[in-house]
Amino acid sequence: MPYYAKDYLVQCQNCRFVFAEKIPSPQELEAYYEGYGRNDYLSPLIVRRYEELLQSWEKYRQTNRILDVGCGIGYFLETAQKMGWEAYGTEYTERAVAICAAKGISMQKGELNPDLYAPESFDIITSFEVIEHINQPRAEMVKFYHLLRKGGAVYITTPNFNSMLRYYLKECYNVIAYP
Ligand SMILES: [Zn+2]
């Protein structure tokens, strides 16, 4: 993977999983996220996709609570609210937390702290393009497990290293970058 040495990426020879061998410090991450994700445009296509996902999750609705870990400025949860869900989110920056709170989303700043919620109280836990940012992904999954009600659903997305975009853009591909 000649293009990715700068981002400390390595690949498992057994399962081809690609990951960063260098783990950034919390200080490095905080500095990075202060300037992160300032693209505040929501396309109608994405909204339609969110609605589709939520529609397919109707069968899980019991507690009526949904948690989005790393919710950005709340686009997904806003859509969930319109469909009647009680929305909870977590995010790192003051700015994102303030924007989401103004939308009526119950927010928690920083890393997910399961002690702040009732155990097994969520029907759905989502985390879009977040798991690859987390230094202890296994511990994070354990938190999800404790917060999700039995029979609820977890939905996680992460970048696809085999995406056509990466082959097409080569050196200019910037979806995966240290830290
Ligand atoms: Zn492997």
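Both ligands and their constituent atoms are indexed starting at 1 by order of listing.
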Can you tell if the side chain of Ile66 reaches within under 4.5 Å of the side chain of Asp123, non-hydrogen atoms only?
-> no
When you check the side-chain N and O atoms of Gln108 and Tyr117, is any donor under 3.5 Å from an acceptor?
-> yes
Could you verify whether a donor N or O on one side chain and an acceptor N or O on the other, from Tyr50 and Glu78, lie under 3.5 Å apart?
-> no
Mind checking whether Met141 and Ile134 sit in one hydrophobic cluster, side chains of I, L, V, M, F, W, Y counted as touching below 4.5 Å?
-> no
After noting the C-alpha distance and the side-chain angles of Tyr88 and Glu86, does the key distance pass the side-chain hydrogen bond (donor to acceptor under 3.5 Å, both in side chains) rule?
-> CA-CA 7 Å; Tyr88 293 78; Glu86 203 180 308; 2.6 Å; yes
Count, waters excluded, of protein N, O or S atoms under 2.8 Å from the Zn ion (ligand 1) = 2
Do the numbers put Arg149 on top of the ring of Phe122, so that NZ or CZ is under 6.0 Å from the six-membered ring centre and no more than 45° off the axis?
-> no
